[in-house]
S.K.: 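Next up is a structure, given as structure tokens.
Numbered from 1 within each chain, the chains take letters A, B, ... in sequence-line order.
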Amino acid sequence: MSSSTVIVLDFETSGHSPGLGDRPIEVGAVRLEGNRIMDHFQELMNPGFPIGWFIESLTGISNQQIAQAPPCEEVMTRFADWIGDTPLIAHNAAFDRRFLDAELALIGRSRDNPMACTVLMARRILPEAPNHKLATLVHYCGIPTSGIFHRALADAEMTGRLWMTMTELLRERYKLDAIPFALMQHLSRISRTRVEHYLEKYCRQRQDHLNRAG
DNA sequence: TGCCAGGCCCTCTTTAGGGCCTT
């Protein structure tokens, strides 16, 4: 597996808050290596209670489908094995991180994977976009879609393509040979007003390093 | 038909309030 490998994940859930008892009903994820999707993961799961009409309507996932799905614990065990310690990405990662960590705790596991957020990145790299919802950004960037939204694998794949689009934009804008995950993660942590200055400094240091190596 | 939560981020800010984003 290459050092540029990342996993982009998305949960469909019964609501907004694991703290109020909400749980995942589907997880979808794609494994990116460089600028290619190399693998994927998608499973429905049974949270142990019926979901509300709004979630059924939003996702198209029915209570009948959920009732036939394996329990969250079983799916999350497979998912934890699948992601390993690969760096993770999600759209509004704070949301998916809460559910991931809550479900991992329930199966006696924990997460060390670093995690980056495409909402935070898009606010910095695409500040001129009409808004930073996933569907808007995908349309704004001209990313082709299946037309499916609010299903875990489809949203994870769109988020992955958005991530690749933004890294490619930065790579071309700053004439870099690569955009490491750690750089994107750092950019999402600093103030928006400092992003351009930081990238210019990063480019100068990178060029100095190459000059010394050459 | 989302109003539930939580983190980020802006501003008419920092002794705060409110919009955005996720389901």
S.K.: Mind listing the residues from residues 100-122 of chain A sitting with a heavy atom below 4.0 Å of DNA chain B? Number order is fine.
M.R.: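 Of all residues in residues 100-122 of chain A, the ones placing a heavy atom under 4.0 Å from DNA chain B are A:Leu120.
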S.K.: If I take atom CG in residue A:Leu162 and atom P in nucleotide B:dT22, what distance separates them, rounded to the nearest angstrom?
M.R.: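 These atoms are roughly 11 Å apart.
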S.K.: Distance between the C1' atoms of B:dC12 and B:dG18, in whole angstroms?
M.R.: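 Those two atoms are separated by 12 Å.
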S.K.: Mind checking A:Arg192 for me? I need base, sugar-phosphate or nothing, with any heavy atom below 4.0 Å counting as a touch.
M.R.: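 Sugar-phosphate, no base atom in range.
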S.K.: Under a 4.0 Å N-O cut-off, is there an ion pair linking A:Asp22 with A:Arg98?
M.R.: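 Here A:Asp22 does not pair with A:Arg98 in a salt bridge, since their nearest N and O are not under 4.0 Å apart.
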S.K.: Under 4.0 Å between a Lys/Arg side-chain N and an Asp/Glu carboxylate O for A:Arg151 and A:Glu12?
M.R.: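 Looking at A:Glu12 together with A:Arg151, the answer is no, because their closest N to O distance does not fall below 4.0 Å.
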S.K.: Looking only at side chains, do A:Tyr140 and A:Glu128 share a donor and an acceptor under 3.5 Å apart?
M.R.: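 Indeed, the side chains of A:Tyr140 and A:Glu128 share at least one donor-acceptor pair under 3.5 Å.
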S.K.: Among B:dC10, B:dC21, B:dT23, find the nucleotide with the atom closest to the side chain of A:Ile55.
M.R.: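 The answer is B:dT23, which lies nearest to the side chain.
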S.K.: Counting C-beta onward and ignoring hydrogens, is there a side-chain heavy-atom pair between A:Val119 and A:Arg123 closer than 4.5 Å?
M.R.: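 A side-chain contact exists here, since the closest heavy-atom pair is under 4.5 Å.
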S.K.: Specify the residue among A:Arg97 and A:Trp53 whose closest nucleotide of DNA chain B lies further upstream toward the 5′ end.
M.R.: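 On the 5' side of the pair lies A:Trp53.
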S.K.: Once you round it to whole Å, what is the distance between P of B:dC21 and CZ of A:Phe149?
M.R.: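 Distance, rounded to whole Å: 15 Å.
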S.K.: Using the P atom on both, measure B:dT1 against B:dG17 and round to a whole Å.
M.R.: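 Pairwise P distance, B:dT1 against B:dG17, rounds to 33 Å.
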S.K.: Just wondering, do A:His186 and A:Tyr198 contact through their side chains at under 4.5 Å, heavy atoms?
M.R.: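 A side-chain contact exists here, since the closest heavy-atom pair is under 4.5 Å.
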S.K.: Using the C1' atoms only, state how far B:dG19 lies from B:dT13, rounded to an integer number of Å.
M.R.: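 To the nearest whole Å, 15 Å.
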S.K.: Look at the side chain of A:Ala94 and decide which nucleotide, out of B:dC9, B:dG7, B:dT23, has an atom nearest to it.
M.R.: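 Closest of the options to the side chain of A:Ala94: B:dG7.
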S.K.: I want to verify a distance call: between B:dA5, B:dC21, B:dT23, whose nearest atom is closest to the A:Ser17 side chain?
M.R.: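 Nearest nucleotide to the side chain: B:dA5.
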S.K.: Rounded to the Å, how far apart are A:Glu56 CD and B:dT1 C1'?
M.R.: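 The distance from CD of A:Glu56 to C1' of B:dT1 comes to 15 Å, rounded to the nearest Å.
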S.K.: Rounded to whole Å, please give me the gap between CG in A:Asp10 and C1' in B:dC21.
M.R.: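 Rounded to whole Å, this separation is 12 Å.
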S.K.: Could you tell me whether the side chain of A:Ile25 reaches within less than 4.5 Å of the side chain of A:Thr13, counting heavy atoms only?
M.R.: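 They are not in contact (no side-chain heavy atoms under 4.5 Å apart), so the answer is no.
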S.K.: Could you check whether A:Asp22 gets within reach of a base, just the sugar-phosphate, or nothing at all, counting any heavy atom under 4.0 Å?
M.R.: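 Here A:Asp22 touches no strand at all.
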S.K.: How long is the line joining CZ of A:Phe95 and C1' of B:dG6, in whole Å?
M.R.: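 Atom-to-atom, A:Phe95 to B:dG6, this comes out as 11 Å.
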S.K.: Taking OP1 and OP2 of B:dT23, is either one under 4.0 Å from a side-chain nitrogen or oxygen of A:His150?
M.R.: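 Yes, A:His150 has a side-chain N/O under 4.0 Å of OP1/OP2 on B:dT23.
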S.K.: Is A:Arg78 salt-bridged to A:Glu74, going by a charged N under 4.0 Å from an acidic O?
M.R.: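 Yes, A:Arg78 and A:Glu74 are salt-bridged.
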S.K.: Between A:Thr86 and A:Arg31, is any pair of side-chain heavy atoms under 4.5 Å apart?
M.R.: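 Result yes, sub-4.5 Å side-chain heavy-atom pair found.
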S.K.: Closest approach to the side chain of A:Arg123, judged atom by atom: which nucleotide of B:dC20, B:dT23, B:dT22 is it?
M.R.: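 Side chain of A:Arg123 sits closest to B:dC20.
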S.K.: Quick one: is B:dT22 close enough that its OP1 or OP2 comes under 4.0 Å of any side-chain N or O from A:His16?
M.R.: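 For B:dT22, neither OP1 nor OP2 has a side-chain N or O of A:His16 closer than 4.0 Å.
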S.K.: Rounded to the nearest Å, what distance is computed from the CZ atom of residue A:Phe11 to the P atom of nucleotide B:dT23?
M.R.: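 A:Phe11 atom CZ is separated from B:dT23 atom P by 12 Å.
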S.K.: What is the distance, to the nearest angstrom, from the CG atom on A:Leu134 to the P atom on B:dC21?
M.R.: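 After rounding, the gap between these two atoms is 11 Å.
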S.K.: Considering every strand and a 4.0 Å limit on heavy-atom distances, what is the contact class for A:Asp96: base, sugar-phosphate, or nothing?
M.R.: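 The residue A:Asp96 makes no contact with any strand.
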S.K.: Using a heavy-atom cut-off of under 4.0 Å over every strand shown, decide if A:Leu20 touches base, sugar-phosphate, or nothing.
M.R.: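 Sugar-phosphate, backbone atoms only, no base.
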S.K.: Considering all heavy atoms of both residues, which atom of A:His91 and which atom of A:Thr118 are nearest to each other, and what is their separation?
M.R.: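 Result for this residue pair: ND1-OG1, 2.7 Å.
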S.K.: With a non-hydrogen cut-off below 4.0 angstrom, is A:Phe99 in contact with a base, only sugar-phosphate, or nothing?
M.R.: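 A:Phe99: no heavy atom of the nucleic acid under 4.0 Å.
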S.K.: Can you tell me how far C1' in B:dC8 sits from the matching atom in B:dT14, rounded to whole Å?
M.R.: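 Pairwise C1' distance, B:dC8 against B:dT14, rounds to 16 Å.
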S.K.: Does a side-chain N or O of A:Arg124 approach OP1 or OP2 of B:dC9 to a distance below 4.0 Å, or not?
M.R.: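 For A:Arg124, the contact criterion (side-chain N or O under 4.0 Å from OP1 or OP2 of B:dC9) is met.
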S.K.: Nearest whole Å is fine: how far is B:dT23 P from A:Phe49 CZ?
M.R.: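 The distance from CZ of A:Phe49 to P of B:dT23 comes to 16 Å, rounded to the nearest Å.
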S.K.: For B:dC20, does either OP1 or OP2 sit under 4.0 Å from a side-chain N or O belonging to A:His132?
M.R.: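 False: A:His132 side-chain N/O out of range (4.0 Å or more) of B:dC20 OP1/OP2.
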